[in-house]
Amino acid sequence: MYLCAINSPMEYRFQEIEKKWQHFWKINQTYRVEETSTKPPYYVLDMFPYPSGAGLHVGHPLGYIASDIFARYKKHTGFNVLHPMGYDSFGLPAEQYAIQTGQHPAKTTQENIERYREQLDKLGFNYDWSREIRTSSPAYYKWTQWIFIQLFNSWYNPTTNKAASIDELIKEFEQQGLSAVSLSALHGGLETEITPFSATEWVAFTAQKQQEILMNFRLAYLGESYVNWCPALGTVLANDEVVNGLSERGGHPVERKLLKQWSMRITAYAQRLLDGLDHLDWFDSIKETQRNWIGRSEGASVHFPLLNHEGSIEVFTTRPDTLFGVSFLTLAPEHELVTQLTTDEQSEAVATYVSTSKNRSERERMADVNTISGVFTGSYATHPFTKEPIPIWIGDYVLVGYGTGAVMAVPSHDERDYKFATYFSLAIKQVIRPSAAHDFNLGAWTEKTGTIINSDFLDGLSVLEGVQRMISAISEHGHGSKRINYRLRDAVFGRQRYWGEPIPVYFKGDTPYLIPADQLPLDLPEVDKYLPTEDGDPPLGRATHWKFNEVYEYEKSTMPGWAGSSWYFLRYLDPTNDQCLASPEKISYWGNVDLYMGGAEHATGHLLYARFWCKFLHDIGVVPFDEPFKKMINQGMILGRSSFVYRVVGQQTFVSAGMKDGYETTAIHVDISLVNNDELDLEGFKAWRSEYKDATFLLEPSGVYLCGYEVEKMSKSKYNVQTPDELVDRFGADTLRMYEMFLGPVEQSKPWDTKGITGVHGFLKKYWRLFHLNGSFEVNETTPTKEHFKILHKTIRKIREDLDRFSFNTGVSNFMICVNELTEVKGNYREILEQLTILLSPYAPHITEEIWEKLGHEPGSLYEVTYPEFNPDYLIESEYEYPVSFNGKMRFKVTLPMALTIEEIQAAILSQPETVKWIEGKVPKKFIVVPGKIVNVVI
RNA sequence: GCGGAUGUGGUGAAAUUGGUAGACACGCUAGACUUAGGAUCUAGUGCCGAGAGGUGUGUGGGUUCGAGUCCCUUCAUCCGCACCA
């Protein structure tokens, strides 16, 4: 008597079904991919996850589900689809955890990966797990190190505009010395330190000197760059980790420090990285972000000779037309000439200012636009044309890493210079007559329109003419030259950390040498602790008996997180090859990634570095393409809903959210598993942490404790992580897959909310019931009616269109409409339901496999079956229901034959009694008929 | 300050090229069935209005027979950033 629903075949037993098919796919290797297929290849890639201790949360699968659906769709439409997965398994959190607990990061990483795998397996993805990669495995990072070696052994040849062997450059030095052309290949960094030399001079240099010179050309090089250094932690911090000059963790002082470390000369590729964007099928917003990041600007470099000193200050300006309006120069506090130029009277002020600036993070200096600060050096430069003395100031709004670290200030035509000049009462000299009304007492005229005045030979020219004329003038007189500047900086590559790829370098004295490629990988050594050494070396300094040939010190820093992720898409093509990073045959078979799915937060970091390495590997002949990802879809972030309790300051008393006014409280994140509909489980809370075991509560009048909430990023530290596991247990993977898609457009960010999941689950149950009559599985083998075909083909068209434009949310809706309609018309025809099952299989692979088998097909064959084709014949209509509008407002509908001419439609509309009512006895001024669409009567 | 987005019911959202605004769901209301239901089914549900009807896509304008969609203006919110000279 209780059996009615529970054991009936009508029941959709998703747990059983999903377990069955996941097992089937595994043992039959259903998703294994080979290169032997005659079908065209299609490569779908997900951004691989960092396996964190919190496990996979509901945000991860959003992109994976979308790419899985698309990959399955491509498979059904005749492609040999590669859809691999792996782990970005080097990284800071594992190391932090290791520092706290002493556990080896490899161990916790392994545990996390196992958890991730278990969670991924439950969602029914079509990954070919035989191709799994991990960036932290020696077999993988051997090739990351190999790429480093290639970069070290390469320079960027400006003539051929591609990377080439450093041997070629050495040969050139031996034959011709260093030409000015080669020098111009360097867009930033160290070019001021090199002077051209002859072949004879080159040959006479010591080996060490030669290596130093070559270091200025290598694409992986040891150079000096500024970092946020925290002496107390003995480590470098990201801008994010520095708050008001103190480290976020521990609150220790942080200073800007020049550190000699490994960098990547990505700047050499600036123009190609910019140009390459034009041909990529990416979201415009991401491309625009990259363009801004690369930041190409055209202008001139101008030398201002120093007064009473040797040498000159070089500035970069995009407005050479305003050169006659210069009233002072500003140097970055870190500029190398600061010490030399500071006069005795100013030395104290300058020293104070420089040290203050040093403690401000770059982020802070950027964000703070309202505070104007600076100091006069006491020295002057000479204007290259007027020969007037120009005071030299220091200001931390000038950044040492951009341009030359010095600017020529033209207060009348630059807002920042204007504020600086006003604040310090410096001269403001107008050199452009604005093209519109403008009050120079209120601010600068920064538009690039107007007529140049007070500028000698530029007078009367337009801004654009002035720019050109001045560039020629400074070149003619030797004051400088035209210059293209990029704000892109070289990428710092060394990290003072343990859990990363060792850099395959050893030192003889100060000179770095590569470890021979045939001795790779250079394994990450064991250490007793994961902290820096007492004398300030990175953790690898703790490794014992770790020397090259037992003599030479290895490089002790490791590679950054982005190293392994900059080329991983290639390794999936040939994941076990130990002769090369991937065989040329496999690389050319698959080509670059056809569809890349991942978060937009990687817009500038990962995506820029991966493009850079791809172009480099292209230059040296490893890959035939020079962009890694042809098309990209960026999924939005799924945000968590954090819950808070409010502790009265200094007490163990917690006030309910509705009562907290009147108390001074601290908001504390509380684990969302202890909260139900904002109501806190009081006993659970006390048991959660020993520190809360004696907590007392001030409750709402209703007797409950209500938590506050906030929508923010999901993170372990916010205790707001929703894992998919619980939902899979309650509703099944197919429901979760479709629900995540149903939430909204995949690219949109949204807070996680499970309210609607029952609707999707109900849909799958309804679909399941379509195949069951009178309590058993049964389909109608006769020919369906026209009406059924119409429902099916309408759906086929919509589902295909939705898939082609990555509109997965409307796809789910269209399946719901189809199942609702088929339920309504009844008939459960095999011919219709079989097609619907194929159509649905990318979204809900488990339930459809089960149905497919029950329909009598070979188990597992659904994955390869051809996707239904749309046949427009089923949708041809003889009639159309016209919406009739009056002055653009829809009033009523009339069903008319499709075959009518415009005149006939007009006549038919006019004869409607409703029409008479709406035209109110007037004569229509206009009668618009769009056949098959609308009718609009203008009265 | 710069750059990128987003504003549509109580909620998530739909509306592919300008052509019936709110599909599909959640929620809610009423009802049926049931010992019960996180089950199923039926009807309703943008707002105002008894109704006729009016009104409605952040604001204000414009183009158009017709605007959520195109143009201008303005407000709000979110995200990113390296004040880019």
Side-chain angles (χ1 to χ4, degrees), chain A residues 1-2 4-6 11 239 283-289 291-293 295-297 299 315-319 322 330 362-363 365-370 395-399 401-404 406-410 413-417 419 446 485-489 600-601 603-604 636-637 639 711 730-731 739 742-745 747-751 753-763 765-766 769 798 801-802 804-805 807 809-817 820 881-893 924-930 932-939:
Chain A
M1 56 195 102
Y2 292 104
C4 49
I6 295 159
E11 168 104 357
N239 282 339
F283 291 169
D284 286 337
S285 56
I286 301 273
K287 292 206 256 183
E288 204 48 37
T289 306
R291 285 193 189 102
N292 289 328
W293 194 264
R296 183 185 205 269
S297 56
V315 304
F316 171 72
T317 178
T318 54
R319 295 296 303 274
T322 62
T330 313
E362 202 160 281
R363 172 80 65 86
R365 280 164 60 175
M366 300 299 166
D368 186 6
V369 284
N370 296 319
D396 70 4
Y397 74 98
V398 180
L399 302 178
Y402 181 76
T404 60
V407 305
M408 58 174 227
V410 184
H413 304 292
D414 180 277
E415 207 49 58
R416 185 70 218 204
D417 296 342
K419 284 185 183 165
T446 56
N485 202 49
Y486 299 89
R487 70 179 167 198
L488 183 71
R489 293 181 206 159
E601 66 271 21
T604 48
M637 207 189 308
L639 301 164
V711 171
R730 277 174 64 194
F731 298 103
Y739 180 59
F742 190 57
L743 278 176
E747 68 276 10
Q748 210 166 82
S749 281
K750 50 227 154 193
D753 185 353
T754 55
K755 273 195 307 206
I757 198 165
T758 52
V760 175
H761 190 60
F763 154 76
K765 287 198 271 193
K766 208 165 176 179
R769 280 201 302 274
K798 294 222 169 195
E801 279 170 2
D802 289 338
D804 289 334
R805 66 193 174 110
S807 180
N809 55 328
T810 54
V812 177
S813 297
N814 284 316
F815 280 121
M816 288 174 168
I817 293 168
N820 287 346
E881 190 182 36
Y882 279 92
V884 182
S885 303
F886 292 82
N887 289 341
K889 287 203 189 298
M890 206 281 288
R891 297 302 183 180
F892 61 90
K893 292 176 187 174
K925 286 182 195 147
K926 218 168 183 182
F927 205 101
I928 315 269
V929 176
V930 184
K933 277 248 163 109
I934 54 110
V935 172
N936 188 20
V937 185
V938 186
I939 46 172

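Any value given below was found using the heavy atoms of this structure, including those in side chains, with hydrogens, waters and symmetry copies removed. A, B, ... follow the sequence lines: proteins, then strands. Residue 1 opens every chain.
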> Does any non-hydrogen side-chain atom of A:M408 lie less than 4.5 Å from one of A:D417?
Replying inline: no
>> Quick check on RNA chain B: between A:T604 and A:K750, whose nearest nucleotide comes earlier from the 5' end?
In response: A:K750
Enumerate the protein-to-nucleotides 63-66 of chain B contacts in which both atoms are nitrogen or oxygen and the separation is below 3.5 Å.
from  : atom 1 : to     : atom 2 : distance (Å)
B:C65 : OP1    : A:K926 : NZ     : 3.3
B:C65 : O2'    : A:N936 : ND2    : 3.1
B:C65 : O2     : A:N936 : ND2    : 2.8

>> Rounding to an integer number of angstrom, what distance separates B:C47 and B:G9 when you compare their P atoms?
In response: 11 Å
>> Would you say A:R891 places a side-chain N or O within less than 4.0 Å of OP1 or OP2 belonging to B:G54?
In response: yes
Distances under 3.5 Å between protein N/O atoms and the N/O atoms of nucleotides 14-17 of chain B, please, pair by pair.
from  : atom 1 : to     : atom 2 : distance (Å)
B:A14 : OP1    : A:N809 : ND2    : 2.8
B:A15 : OP1    : A:R805 : NH2    : 3.3
B:U16 : N3     : A:E801 : OE1    : 3.2
B:U16 : O4     : A:E801 : OE1    : 2.3

>> Check this one for me: any side-chain N or O of A:K765 less than 4.0 Å away from OP1 or OP2 of B:U40?
In response: yes
> Could you state the CG-P distance from A:N820 to B:U40, rounded to the nearest angstrom?
Replying inline: 13 Å
> If you round to the nearest 0.5 Å, how far is NZ of A:K798 from OG1 of A:T810?
Replying inline: 8.5 Å
>> Side chain of A:M816 only, heavy atoms from C-beta on: which candidate in B:U11, B:A25, B:A23 is closest?
In response: B:A25
> On a whole-Å scale, what distance lies between the P atoms belonging to B:C2 and B:U69?
Replying inline: 26 Å
> Between B:G4, B:G38, B:C41, which nucleotide has the shortest distance from any of its atoms to the side chain of A:R730?
Replying inline: B:G38
>> Please give the distance between the P atoms of B:G46 and B:C79 as a whole number of Å.
In response: 33 Å
> Any donor-acceptor pair under 3.5 Å linking the side chain of A:T330 with the backbone of A:V407?
Replying inline: no
> Whole-Å distance between B:C2 C1' and A:D414 CG?
Replying inline: 13 Å
>> Of the listed nucleotides (B:G3, B:U20, B:C41), which one gets closest to any side-chain atom of A:N292?
In response: B:G3
> Can A:R416 be said to sit on top of A:Y397's aromatic six-ring, NZ or CZ under 6.0 Å from centre and within 45° of the ring axis?
Replying inline: yes
> Nearest of B:A13, B:C24, B:G38 to any side-chain atom of A:S813?
Replying inline: B:C24
> For atom P, what is the distance between B:G37 and B:G27, given to the nearest Å?
Replying inline: 16 Å
> Using 30° and 60° as the class limits, which term best fits the ring planes of A:F886 and A:F892: parallel, tilted or perpendicular?
Replying inline: tilted
> With sugar-phosphate meaning primed atoms plus P, OP1 and OP2, does A:N814 contact a base, only sugar-phosphate, or nothing at under 4.0 Å between heavy atoms?
Replying inline: nothing
> Got a second to check how far A:L488's CG is from A:N292's CG, nearest 0.5 Å?
Replying inline: 12.0 Å
> Does the A:Y882 side chain pair with the main chain of A:K893, one donor and one acceptor, at a distance under 3.5 Å?
Replying inline: no
>> Within the structure provided, determine whether A:L743 and A:Q748 are in side-chain contact (heavy-atom separation under 4.5 Å).
In response: no
> Atom CG of A:L743 to atom P of B:U11: distance rounded to whole Å?
Replying inline: 16 Å
> Between the main-chain N or O of A:N936 and the side-chain N or O of A:K926, is there a donor-acceptor pair closer than 3.5 Å?
Replying inline: no
>> Is the shortest side-chain heavy-atom distance between A:F927 and A:V935 below 4.5 Å?
In response: yes
> B:A82, B:A85, B:U55: which one has an atom nearest the side-chain heavy atoms of A:D417?
Replying inline: B:A85
> Can you tell me how far C1' of B:G4 sits from CH2 of A:W293, to the nearest Å?
Replying inline: 14 Å
> Rounded to the Å, how far apart are A:D753 CG and B:A25 P?
Replying inline: 18 Å
>> Heavy-atom nearest nucleotide on RNA chain B for A:V760 versus A:S749: which residue maps closer to 5'?
In response: A:S749
>> For the NZ atom on A:K287, are there more than 12 heavy atoms of other groups (residues, nucleotides or ligands in this structure) within a distance under 6.0 Å?
In response: yes
> Can you check B:G9 for me, syn or anti if syn means within 90° of 0?
Replying inline: syn
> NA contact type, A:R769, heavy-atom cut-off 4.0 Å: base, sugar-phosphate, or nothing?
Replying inline: sugar-phosphate
> Counting side-chain heavy atoms from C-beta on, which of B:A25, B:U20, B:A85 comes nearest to A:F742?
Replying inline: B:A25
> Atom CZ of A:F316 and atom CG of A:N485: how far apart are they, to the nearest 0.5 Å?
Replying inline: 4.0 Å
> In dot-bracket notation, what is the pairing pattern of RNA chain B, taking Watson-Crick (N1-N3 plus N6-O4 or O6-N4) and G-U wobble (N1-O2 and O6-N3) contacts under 3.5 Å, with [ ] crossing and | for other strands?
Replying inline: (((((((..(((......[....)))((((((.......))))))(((....)))..(.(((..]....))).))))))))....
> Taking the side chain of A:T317 as heavy atoms from C-beta outward, which of B:A23, B:A82, B:A85 is closest to it?
Replying inline: B:A85
> In Å, rounded to the nearest 0.5 Å, how long is the span from NZ of A:K765 to OG1 of A:T758?
Replying inline: 9.0 Å
>> From the set B:U11, B:G27, B:C41, return the single nucleotide nearest to any side-chain atom of A:T758.
In response: B:G27
> Taking CD1 from A:I757 and P from B:G38, how many angstroms apart are they, rounded to a whole number?
Replying inline: 17 Å
> Which whole number of Å gives the distance between the P atom of B:C28 and that of B:C81?
Replying inline: 41 Å
>> The side chain of A:I817 is closest to which nucleotide in this list: B:A85, B:C24, B:G19?
In response: B:C24
> Per the atom types in the model, does the base of B:U20 pair as donor or acceptor with the side chain of A:K893 at under 3.5 Å?
Replying inline: yes
>> What's A:F283 touching, base or sugar-phosphate or nothing? Going by heavy atoms closer than 4.0 Å.
In response: nothing
> Between A:E11 (CD) and B:G37 (C1'), how many Å, whole number?
Replying inline: 13 Å
> Whole-Å distance between B:C26 C1' and A:K755 NZ?
Replying inline: 7 Å
